[in-house]
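Notes for the one structure printed next.
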Amino acid sequence: HVQLAESGGGVVQAGGSLRLSCAASGLTGSNYHMGWFRHAPRQVREFVAAIRWSSGITYYADSVNGRFTISRGNARDTVVLQMNNLKPEDAAVYFCAADSRTAAALAIMTRNRYPYWGQGTQVTVSS
């Protein structure tokens, strides 16, 4: 049984930074990947970043590339999203997701691909 738990959301001023963490349990093998998606009011849930666990290869949405960094955390099966230079348009509920199947790059950036989701953590950016 896979469970994901996010932490680290909060309120920050534009230009500031936040660090989100996601602790996973129940994932088996090493060919899985984990991602972050976000859901703002009146928007669809969109891809933010993802990482292939075994290789460390990362993927980013154009809107966050160069500002956000996804990485494997120090704790086992933990993924971290470091968000720098936050903008008001980054405000959303951020969700951690995981998929234990191998996948092509395009699939890794597709929300419908992921069977496992966390409950989400709110990020608010004030201007």
Flag the pair [X] / [Y] as yes when at least one side-chain heavy-atom distance between them is below 4.5 Å, and no otherwise.
X	Y	result
Thr121	Ser7	no
Thr69	Leu81	no
Val80	Trp36	no

Q: For residues Val93 and Gly120, report the shortest heavy-atom separation together with the two atoms involved.
A: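 Of all heavy-atom pairs spanning Val93 and Gly120, the closest is CG1-CA, 3.8 Å.
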Q) What is the minimum heavy-atom distance between Asn31 and Ser54, and which atoms define it? A)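 Distance-wise, the nearest heavy atoms are OD1-OG, 4.1 Å.
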Q.
Filter on disulfide bond (SG atoms under 2.5 Å apart), then keep only pairs touching residues 98-127, sequence neighbours left out; what's left?
A.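 Applying disulfide bond (SG atoms under 2.5 Å apart) to every pair that reaches into residues 98-127, excluding sequence neighbours, yields nothing.
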When you measure from the side chain of [X] to the backbone N and O of [Y], does any donor-acceptor pair fall under 3.5 Å?
X	Y	result
Arg52	Ile108	no
Arg72	Trp53	yes
Thr110	Leu106	yes

Q | Evaluation steps, side chain to side chain contact (heavy atoms under 4.5 Å, CB included), between Ile51 and Val79 | A | CA-CA 8 Å; Ile51 183 168; Val79 64; 4.0 Å; yes
Less than 3.5 Å apart, which donor and acceptor atoms pair up between the side chains of residues 9-24 and the rest of the protein, not counting sequence neighbours?
residue : atom : partner : partner atom : Å
Ser17   : OG   : Asn84   : OD1          : 2.9
Arg19   : NH1  : Gln82   : OE1          : 3.3

Q: Take Ile70 and Tyr60, measure what side chain to side chain contact (heavy atoms under 4.5 Å, CB included) needs, and give me the verdict at the end.
A: CA-CA 9 Å; Ile70 187 171; Tyr60 295 96; 3.5 Å; yes
Q | ring-ring contact (aromatic ring centres under 6.0 Å, His included) contacts in which one or both residues fall within residues 66-113, not counting sequence neighbours | A |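 Every pair satisfying ring-ring contact (aromatic ring centres under 6.0 Å, His included) with a residue in residues 66-113: there are none.
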Q: Would you check if there is a donor-acceptor pair between the side chains of Tyr59 and Asn65 at a distance under 3.5 Å?
A: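 Per modelled atom types, Asn65 and Tyr59 side chains form no pair under 3.5 Å.
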(Q) Measuring from atom OG of Ser100 to atom CG of Leu27, what distance do you get when rounded to the nearest 0.5 angstrom? (A)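 Going from the OG atom of Ser100 to the CG atom of Leu27 covers 7.0 Å.
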**Q.** Distance, nearest 0.5 Å, that separates CD of Gln3 from OG of Ser25
**A.**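 Spacing of CD (Gln3) from OG (Ser25) equals 4.5 Å.
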Q.
Ring of Trp117, cation from Arg111 - is the NZ or CZ under 6.0 Å from the centre and inside 45° of the axis?
A.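 Cation-pi check for Arg111 and Trp117: fails.
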Q: Determine, step by step, whether Arg67 and Asp90 satisfy the side chain to side chain contact (heavy atoms under 4.5 Å, CB included) criterion, reporting the C-alpha distance in whole Å, the side-chain angles of both residues, the deciding distance to 0.1 Å, and the verdict.
A: CA-CA 11 Å; Arg67 300 187 297 123; Asp90 293 318; 2.7 Å; yes
Q | Gln119 CD: over 12 foreign heavy atoms closer than 6.0 Å | A |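 Incorrect, the count does not exceed 12.
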Q. Can you name the one residue among Met34, His33, Arg101 that meets side-chain contact (heavy atoms from CB on, under 4.5 Å) with Tyr114?
A.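 That would be His33; it is the only one of Met34, His33, Arg101 passing the side-chain contact (heavy atoms from CB on, under 4.5 Å) with Tyr114.
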Q.
Among Arg38, Met109, Met83, which residue satisfies the side-chain contact (heavy atoms from CB on, under 4.5 Å) criterion with Val48?
A.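 Considering Arg38, Met109, Met83, a side-chain contact (heavy atoms from CB on, under 4.5 Å) with Val48 is found only for Arg38.
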